[in-house]
Undergrad: 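Could you have a look at this structure, given as structure tokens, before my questions?
Just the heavy atoms: all of them, side chains too, but no hydrogens, waters or symmetry mates, feed the values below.
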Amino acid sequence: MNAKTYIGPAAILEKKKKYIMPCLAHFYKDPQEFVKGSMQYLWDSNGKKYLDCYAGVSVMNCGHANPDIVGPATEQAKTLQHVCNIYLTENFVNLAERLAAVTPGTLQKSFFCSTGSEATEGALLLAEVARGNSEIIALRQGLHGRTKLGMSVTGLTMWRTAPTPVGGIHFAPNPYCYRCPLGKKPDTCDLACANAVEDLIKTATSGHPGAYIAETIQGNAGIVVPPKGYFQRVKEILDQYGTLLIIDEVQTGFARTGKMFGIEHYGVTPDIMCMAKALGNGFPISAFIAKPEIADTYTRPGASTLGGNPVSSTAGLAVLDYIETHDLAARAESLGKTLRAGLRRLQETHPVIGDVRGLGLMDGAEFIHADGSPAPELLDDVLEEMKDRGYIIGKNGVGRNVMAFQPPLVITEENLTQVLDELDCVLTAKKL
């Protein structure tokens, strides 16, 4: 790899400042230019190798430049790239058939688009059409995309570009057990956060809102994992009031949590489900899928120019094949237990780690000060040092104080041992 081939971080930052809208920030005080990826590894323009523990934010579940996915997609690109889905091609209906087979319960009919934002927007539109009601219940600290409606149902202020959200949206307390918005304790709360949904319906809506939308795990909120029984109780309430359950699996889907979809951990079948990111493993594709009786209400003309194009659909089919062939769900479940156990061992000796949580290989370690308050500046310092040592780890959380592990699912136990050992060294050196 010849470093002189690349313009380098400084030149990229200069062009970015001149030609890219300033809303797009970047990680690290001293960022690098990534130029190559292979499975769980990345390389920068100087030839330095990194272990990727973030997977482009839960996108590269099957690994970077995986030949079993890139190969078929490349061959498809050589024959037919695009004709729009108003014309007949084979791959997108085959992919829809496969999705119907791997999604929970009776979810069956899909609509393909290109981004997670489009998928959540489409799901909310479908719920309004199916129920004849545009009112929506969302969760505080959720994140559902960059469209106007997607930002409006996003309960994180930093991700709302426009100051005025769409009307008819009501926010319920999110199931954040470490920092419970209701001041409860998990062992005695009786799922108060779920019960609050019913109170919200009764007091703030028409009495039959069209949809409730939630991520199975709130990624950008800080890997917030709802307690067992949460979604079952919510579904009981929604059914009572004729409200549809939309589950956003954009980050949690495709084996990330130890199941094909995160909601499977809760024994609940959504009425509509959104997916994106890992479905294409780097190729742009998304979808929302619904039960037939709901999907069949969507009869007025609708299409997505690039949705389910032949190349991205081929990649999606290859992703499903790879997940099944290599049993990535079981791999994520096993390695996730290893990772969380290691993080909890570090928590015992490093008080900066206030909480460790997650499912499968979607895990977070919350950094705190001695008084329990969020410590984003300490996390940033640690992440910078880990990057310099060759480890790319994410961050999220309302206070931007949660270290996020969402690696390619092809990562190994040896890799996890390495990153945990290095993290221990960094925390020890910084006396955290």
Side-chain angles (χ1 to χ4, degrees), residues 25-31 50-58 140-143 155-159 174-181 183 185-186 215 217-227 251 336-407 411 415-432:
H26 60 268
F27 266 31
Y28 304 125
K29 296 176 183 177
D30 183 22
Y50 301 81
L51 177 65
D52 182 10
C53 296
Y54 206 35
V57 194
S58 282
R140 298 173 194 169
Q141 302 178 7
L143 177 65
L156 284 166
T157 304
M158 69 169 287
W159 288 113
N174 61 327
Y176 188 1
C177 293
Y178 182 63
R179 298 184 186 275
C180 177
K185 298 295 182 183
E215 303 156 274
I217 296 175
Q218 290 187 305
N220 286 68
I223 316 295
V224 173
V225 183
Q251 286 200 46
K337 290 177 180 177
T338 298
L339 176 58
R340 287 189 299 280
L343 289 171
R344 287 178 178 133
R345 285 194 296 272
L346 295 181
Q347 184 183 14
E348 293 174 359
T349 54
H350 299 289
V352 73
I353 299 178
D355 191 39
V356 172
R357 52 187 179 258
L359 286 173
L361 282 172
M362 186 168 180
D363 303 288
E366 182 157 348
F367 275 46
I368 61 171
H369 293 294
D371 63 358
S373 62
E377 74 286 358
L378 299 181
L379 175 60
D380 285 346
D381 191 36
V382 170
L383 290 177
E384 194 83 26
E385 177 67 25
M386 290 296 291
K387 176 263 296 179
D388 291 342
R389 292 176 180 232
Y391 299 90
I392 301 301
I393 308 171
K395 70 173 178 179
N396 50 38
V398 178
R400 308 299 288 166
N401 66 312
V402 178
M403 177 178 282
F405 291 87
Q406 295 163 258
I411 201 168
N415 291 149
L416 294 180
T417 298
Q418 292 168 349
V419 70
L420 288 166
D421 287 347
E422 288 290 343
L423 181 56
D424 189 17
C425 290
V426 170
L427 294 175
T428 300
K430 295 180 180 296
K431 298 181 180 180
L432 299 175

Undergrad: With side-chain contact (heavy atoms from CB on, under 4.5 Å) as the criterion, how do I223 and E366 come out once you've worked through the C-alpha distance, each side chain's angles and the decisive distance to 0.1 Å?
TA: CA-CA 9 Å; I223 316 295; E366 182 157 348; over 6 Å; no

Undergrad: Is the side chain of E215 donor-acceptor paired with the backbone N or O of G142 at a distance under 3.5 Å, no angle test?
TA: no

Undergrad: Under a 4.5 Å cut-off applied to non-hydrogen side-chain atoms, are M403 and L423 in contact?
TA: yes

Undergrad: Taking side chain as C-beta onward, heavy atoms only, is I411 less than 4.5 Å from V419?
TA: no

Undergrad: Grab the two heavy atoms, one from Y391 and one from Y50, that are nearest each other, plus how far apart they are.
TA: N-CD2, 4.1 Å

Undergrad: Let me confirm one number: the CG-CG distance from L416 to L343, rounded to the nearest 0.5 Å.
TA: 9.0 Å

Undergrad: Do P227 and P186 have side-chain heavy atoms sitting under 4.5 Å apart?
TA: no

Undergrad: Is there a donor-acceptor contact under 3.5 Å from the side chain of K387 to the main chain of D30?
TA: yes

Undergrad: For the atom pair CE (M362) and CG (L339), what is the distance rounded to the nearest 0.5 Å?
TA: 13.0 Å

Undergrad: Is a side-chain N or O of E384 found less than 3.5 angstrom from the main chain of K29, in a donor-acceptor match?
TA: yes

Undergrad: For residues L361 and F405, determine if any side-chain heavy atom of one lies less than 4.5 Å from a side-chain heavy atom of the other.
TA: no

Undergrad: Where do R179 and D355 land on the side-chain contact (heavy atoms from CB on, under 4.5 Å) test, with the steps shown first?
TA: CA-CA 10 Å; R179 298 184 186 275; D355 191 39; over 6 Å; no

Undergrad: Can a donor-acceptor pair be found, under 3.5 Å and without considering hydrogens, that links the side chain of R340 to the backbone of V356?
TA: no

Undergrad: Nearest heavy-atom pair of N401 and P376: which atoms, and what distance?
TA: CB-N, 3.8 Å

Undergrad: Distance from R140 atom CZ to N174 atom CG, nearest 0.5 Å?
TA: 7.5 Å

Undergrad: State, to 0.1 Å, how close I368 and A375 come at their nearest heavy-atom pair, and which atoms those are.
TA: C-CB, 3.6 Å

Undergrad: Please examine the side chains of N220 and Q251, heavy atoms only from C-beta on, and report whether any two atoms are closer than 4.5 Å.
TA: yes

Undergrad: In Å, rounded to the nearest 0.5 Å, how long is the span from CG of N415 to CG of D52?
TA: 10.5 Å

Undergrad: Between OG1 of T428 and NZ of K431, what distance do you get to the nearest 0.5 Å?
TA: 11.0 Å

Undergrad: Using a 4.5 Å cut-off on heavy atoms from C-beta on, say whether the side chain of V382 contacts that of F367.
TA: yes

Undergrad: When rounded to the nearest 0.5 angstrom, what distance separates CE in M386 from SG in C53?
TA: 7.0 Å

Undergrad: Indicate yes or no for a side-chain donor-acceptor contact from Q347 to the backbone of G354 under 3.5 Å, with no hydrogens or angles considered.
TA: yes

Undergrad: Can a donor-acceptor pair be found, under 3.5 Å and without considering hydrogens, that links the side chain of R400 to the backbone of D380?
TA: no

Undergrad: In plain terms, say whether R389 and E385 are close enough for a salt bridge, that is, a side-chain N and a carboxylate O under 4.0 Å apart.
TA: yes

Undergrad: What heavy-atom pair brings G397 and V402 nearest, and what distance separates the two atoms?
TA: CA-CG2, 4.2 Å

Undergrad: State, yes or no, whether a side-chain contact exists between L51 and E422 at a heavy-atom distance under 4.5 Å.
TA: no

Undergrad: How far apart are the closest heavy atoms of Y176 and P181, and which atoms are they?
TA: O-CD, 4.1 Å

Undergrad: Kindly give the heavy-atom pair with the smallest separation between L420 and T338, and that separation in Å.
TA: CD1-O, 4.5 Å

Undergrad: Are any of the side-chain heavy atoms of H350 and D424 separated by less than 4.5 Å?
TA: yes

Undergrad: Is it true that a side-chain atom of D371 and a backbone atom of S373 form a donor plus acceptor pair closer than 3.5 Å?
TA: yes

